[in-house]
Asks: 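Please read through the structure below; I'll follow up with questions.
Each chain gets a letter, A, B and so on, in the order the sequences are listed, and its residues count up from 1. Worth saying up front: this structure is predicted, and the values here are computed from it rather than measured.
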Amino acid sequence: MSKTESAPALDFVRSIVEEDIRTGKYGGRVHTRFPPEPNGYLHIGHAKAFGLNFSIAEEYGGLCNLRFDDTNPAAEETEYVDAIMEDVRWLGFDWGDRLFHASDYFDQLHDYAIELIRMGKAYVCDLSAEEIREYRGTLTEPGRNSPDRDRTVEENLDLFARMRAGEFPDGARTLRAKIDMASPNINMRDPVIYRILHASHHRTGDKWCIYPMYDFTHGLSDSIEGVTHSNCSIEFEDHRPLYDWFLDELDVYHPRQIEFARLNLTRTVLSKRRLLRIVEGGHVNGWDDARMPTLAGMRRRGYTPAAIRTFLKRVGVAKTDSTIDIALLEHCVREDLNRTAPRVMAVLNPLRVVIENYPEDLVEEFEAVNNPEDPTAGSRRVPFSRVIYVEREDFREDPPKKFFRLAPGREVRLKHAYLVTCESVVRDEGTGEVVELRCSYDPESRGGKAPDGRRVRGTLHWVSAAHALEAEVRLIDYLLREAGPGDEGADFEDLLNPNSLEVLTSCRVEPGLADAPPGARFQFLRQGYFCVDSVDSKPGSLVFNRTVSQRDTWAKIEKSQGA
RNA sequence: UGGGGCGUCGUCUAGUGGCAAGACACGGGACUUUGGAUCCCGCAUCGGAGGUUCGAAUCCUCCCGCCCCAGCCA
């Protein structure tokens with residue numbers, strides 16, 4: 001632990017945890033929890049939250065529970081429960097045998113509610129939802145007491161029992177905490193703690209027709225589980241007095257709630273409401289669409305758990321409202337994939353090239369290194385023949401300055417193979433479009449080395465026409481056209497990028513990819529990182545997703561030339 | 001106009017009275033059989049104004065800006 005090892009600075013949450021360990025506040029224990037409501041898919045923003053909770057537990061020899069906050073049967077489904085567990089595990093976290101549900105505590109929570117009633121700290125209220133809102137007051141005016149606020153304990157007990165017994169319809173009555181209708185903190189103005197909901201719960205079925213509210217449930221669940229640090233997002237800061245109130249009034253074990261800022265990303269939608277709109281509006285093909293910021297989407301797109309965890313670490317944890325540049329996430333993905341992804345050649349927009357002086361029936365195989373960053377990755381053999389495909393954008397009839405690729409009379413290197421020179425072009429007679437290049441090769445340049453040491457700046461990827469496999473490649477762009485998350489409003493659809501997905505259908509990839517398994521990740525040389533789509537790719541009809549493009553210096557040069 | 005919170009490079013994040021640190025982005029250069037990777041160099045006086053102090057991003061005062069809260073959602 002020497003200072004010279006430059007231990008990374010602690011974020012404020014970890015500082016609090018360390019301080020509590022030092023002072024023995026919880027007997028030196030560290031126990032966190034991740035409490036998602038199973039009403040949707042987890043996205044990268046949730047990953048910040050559970051990454052923090054699980055990581056802190058790991059780092060301090062503590063435990064982290066997975067607890068489903070399932071107190072609203074109207075919104076929750078088992079499908080989401082399963083998806084959430086899969087996503088948390090995918091990122092490499094483990095809750096051991098501590099899988100819990102707020103609904104596990106419904107009996108105990110009910111007992112706590114009765115205790116509050118007995119103490120005169122809770123009452124049954126007959127006000128309608130609208131009346132409760134009216135009585136609550138506003139941000140600047142205090143609220144008024146409910147006419148039912150002074151019911152006797154006996155009457156409250158009786159009414160609450162009848163609520164539970166199903167005597168009243170939804171919305172007829174609520175159980176409220178008796179706190180302070182004049183509190184400047186609106187959350188303290190006699191919040192509802194139980195509501196009547198004749199709805200079947202995905203775990204408890206029809207056992208209950210009254211369900212506890214979040215504020216009442218959350219702290220008590222933390223307390224029951226022996227949580228020490230209850231980390232949540234910053235909009236709950238106003239709720240902390242209420243969190244503390246229940247624990248204090250009931251005089252039970254008292255965890256500490258700590259709030260941190262949520263994650264925002266440029267060009268990315270991270271609100272559940274909007275994500276739902278994108279899915280239901282048919283703007284994407286489901287929650288696991290590769291364009292989605294859900295973990296399921298990122299997984300399908302080819303992002304790695306390691307890259308996401310590195311990203312989360314670099315983003316840090318603070319209370320400042322911030323928006324992370326999506327470029328940081330992409331950097332982390334490239335950094336990981338550069339180390340681990342095997343290189344392969346694939347031509348996205350094929351342009352046919354005939355090497356006129358290359359023998360008609362000859363097929364050579366060239367040794368190609370799989371990953372120059374990783375000597376243990378080995379090599380493979382790639383077939384070469386007289387007719388090949390190169391990338392259409394690697395040829396220009398009128399090459400601009402600094403364009404080091406193919407052009408009439410220009411010589412380039414075909415990666416791993418030969419030096420070739422463009423001798424002439426073949427056009428479509430109707431459109432005039434260039435449909436084929438006629439080239440010559442230097443037989444002395446086998447392997448790509450110029451025999452006389454002449455300098456050849458451009459190196460192109462290619463595939464042998466007779467051997468290449470046809471494939472579909474999906475190019476993924478941001479869901480939002482603007483840099484920021486955009487304004488709230490009905491015109492949200494206008495903020496969507498209409499070109500977030502570009503599908504290329506006649507791509508050609510090297511033959512070795514024939515049996516690449518679903519999810520396999522590759523670097524398509526000079527282009528970026530791609531993975532085999534885990535849903536739509538089939539042997540014989542390969543589908544790849546572009547995970548992230550490679551940095552493209554030429555694009556920058558070209559742009560600055562144009563400007 | 002009530003309450004709570006937050007303001008440090010373009011974007012994040014450290015720093016908590018003694019030379020403003022790191023990452024991404026951006027710009028420049030080196031190297032290169034991926035215009036990839038890698039390597040070098042450059043890039044902020046800390047929301048504003050006063051004050052305290054030998055010394056302030058750090059302490060005090062006032063001001064300004066942004067975010068959250070009026071669900072029987074979480």
Side-chain angles (χ1 to χ4, degrees), chain A residues 6 8-11 35-37 39 69-72 74-76 125 127-129 132-134 136-143 170-176 183-189 191-197 210-211 213-215 217-218 232-241 259 261 266 272 311 313-332 334-335 338-339 343 345 369 372-373 402-405 413-417 419 447-450 456-461 483 523-528 549-558:
Chain A
S6 74
L10 287 183
D11 57 69
E37 182 186 19
N39 70 345
D69 227 329
D70 54 352
T71 56
N72 183 5
E76 297 148 10
C125 178
L127 256 25
S128 69
I132 285 185
R133 194 187 326 122
E134 286 164 23
R136 186 156 34 223
T138 67
L139 294 179
T140 50
E141 308 158 57
D170 289 1
R173 296 182 214 263
T174 56
L175 183 70
R176 296 228 254 161
S183 172
N185 180 347
I186 291 188
N187 296 299
M188 301 299 274
R189 319 241 262 229
V192 171
I193 60 182
Y194 264 92
R195 77 281 216 185
I196 299 170
L197 235 42
I210 55 172
Y211 291 92
M213 299 286 289
Y214 165 86
D215 284 307
T217 307
H218 203 85
C232 63
S233 44
I234 203 148
E235 69 271 22
F236 290 105
E237 205 152 24
D238 284 347
H239 294 240
R240 194 188 333 132
E259 310 84 13
T266 57
K272 207 169 246 183
F311 168 72
K313 201 170 294 178
R314 292 190 189 174
V315 159
V317 181
K319 300 189 75 155
T320 321
D321 191 6
S322 62
T323 301
I324 309 295
D325 191 335
I326 187 76
L328 178 59
L329 211 208
E330 293 173 349
H331 167 82
C332 294
R334 287 192 190 101
E335 185 179 54
N338 177 49
R339 280 195 298 262
R343 274 58 171 170
M345 291 195 286
V369 63
E373 304 291 321
K402 293 188 180 171
F403 184 83
F404 303 137
R405 309 176 186 184
R413 173 167 30 246
L414 297 176
K415 179 77 178 176
H416 306 303
L419 263 26
K449 246 191 287 289
V456 178
R457 287 207 66 168
T459 300
L460 272 42
H461 60 275
Q523 183 194 90
F524 285 3
L525 221 60
R526 299 209 303 137
Q527 308 197 85
S549 65
Q550 231 157 23
R551 289 190 61 201
D552 189 349
T553 305
W554 166 242
K556 277 184 195 168
I557 294 170
E558 196 178 27

Asks: Check every strand shown and say whether A/Arg343 touches a base, only sugar-phosphate, or nothing at a heavy-atom separation below 4.0 Å.
Replies: base
Asks: With a 4.0 Å cut-off on heavy atoms, is A/Leu525 in touch with a base, just the backbone sugar-phosphate, or nothing at all?
Replies: base
Asks: For RNA chain B, just give me the dot-bracket, please: Watson-Crick or G-U, both distances below 3.5 Å, ( ) intra-strand, [ ] crossing earlier pairs, | paired with another strand, . unpaired.
Replies: .(((((((.[[[..)..(...]]].(((((.......)))))....[[[[[..)....]]]]])))))).....
Asks: Base, sugar-phosphate or nothing for A/Val317? Non-hydrogen atoms, less than 4.0 Å.
Replies: sugar-phosphate
Asks: Looking at residues at least two apart in the chain, or sitting in another chain, which of them share a side chain to side chain contact (heavy atoms under 4.5 Å, CB included) with A/Thr320?
Replies: A/Ala318
Asks: So what does A/Arg457 touch, heavy atoms closer than 4.0 Å: a base, only the sugar-phosphate, or nothing?
Replies: base
Asks: From B/A23, B/C6, B/G10, pick the nucleotide closest to the side chain of A/Lys319?
Replies: B/C6
Asks: Below 4.0 angstrom from OP1 or OP2 of B/C24, is there any side-chain N or O of A/His331?
Replies: yes
Asks: Is B/G71 in the syn or the anti form, by the rule that syn lies within 90° of 0?
Replies: syn
Asks: Using the side-chain hydrogen bond (donor to acceptor under 3.5 Å, both in side chains) criterion, which residues pair with A/Asn338? Sequence neighbours excluded.
Replies: A/Arg343
Asks: With a non-hydrogen cut-off below 4.0 angstrom, is A/Pro142 in contact with a base, only sugar-phosphate, or nothing?
Replies: nothing
Asks: As a test of reading the structure: which of B/U13, B/G35, B/U11 is closest to the side chain of A/Ala318, going by heavy atoms?
Replies: B/U13
Asks: Give the minimum heavy-atom separation between A/Asn72 and A/Glu37, together with the two atoms involved.
Replies: CB-OE2, 3.8 Å
Asks: For atom P, what is the distance between B/G28 and B/G18, given to the nearest Å?
Replies: 38 Å
Asks: Residues two or more places apart in sequence or in another chain: which of them pass salt bridge (charged side-chain N to carboxylate O under 4.0 Å, His left out) with A/Glu237?
Replies: A/Arg240, A/Lys319
Asks: Restricting both atoms to N or O, compile the protein contacts to nucleotides 26-30 of chain B shorter than 3.5 Å, with distance only.
Replies:
residue : atom : partner  : partner atom : Å
B/C26   : OP1  : A/Lys556 : NZ           : 3.3

Asks: Expressed in angstrom and rounded to an integer, what is the separation of A/His461 atom NE2 from B/A37 atom P?
Replies: 16 Å
Asks: Could you work out which one of B/C12, B/U34, B/A37 sits closest to the side chain of A/Ile324?
Replies: B/C12
Asks: Please give the distance between the P atoms of B/U8 and B/A57 as a whole number of Å.
Replies: 15 Å
Asks: Between B/U13, B/G36, B/G35, which nucleotide gets closest to the side-chain atoms of A/Pro372?
Replies: B/G36
Asks: Any base atoms under 4.0 Å from A/Phe524, or only sugar-phosphate, or nothing? Heavy atoms, all strands.
Replies: nothing
Asks: Identify, with sequence neighbours excluded, every residue that meets side-chain hydrogen bond (donor to acceptor under 3.5 Å, both in side chains) alongside A/Ser322.
Replies: none
Asks: In chain order, what residues pass the salt bridge (charged side-chain N to carboxylate O under 4.0 Å, His left out) check against A/Arg339, with sequence neighbours excluded?
Replies: A/Asp336
Asks: Mind checking A/Glu237 for me? I need base, sugar-phosphate or nothing, with any heavy atom below 4.0 Å counting as a touch.
Replies: sugar-phosphate
Asks: Excluding sequence neighbours, so at least two apart, what forms side-chain hydrogen bond (donor to acceptor under 3.5 Å, both in side chains) with A/His331?
Replies: A/Arg314
Asks: What residues form a side-chain hydrogen bond (donor to acceptor under 3.5 Å, both in side chains) with A/Arg334, not counting sequence neighbours?
Replies: none
Asks: Return yes if some donor-acceptor pair links the side-chain N/O of A/Arg189 with the main-chain N/O of A/Arg136 below 3.5 Å, else return no.
Replies: yes
Asks: What pairs with A/Pro241 under side chain to side chain contact (heavy atoms under 4.5 Å, CB included), at least two apart in sequence or on another chain?
Replies: A/Asn185, A/Met188
Asks: Any chance you could list the contact pattern along nucleotides 64-74 of chain B? Use B for base contacts, S for sugar-phosphate-only contacts and - for none, protein heavy atoms under 4.0 Å, 5' to 3'.
Replies: ---SBBBSBSB
Asks: Rounded to whole Å, how long is the line connecting atom CG of A/Leu10 with atom P of B/U16?
Replies: 13 Å
Asks: Check side chain to side chain contact (heavy atoms under 4.5 Å, CB included) between A/Asp11 and all other residues, then give those that pass, not counting sequence neighbours.
Replies: A/Val13, A/Arg14, A/Val317
Asks: Considering every strand and a 4.0 Å limit on heavy-atom distances, what is the contact class for A/Glu330: base, sugar-phosphate, or nothing?
Replies: nothing
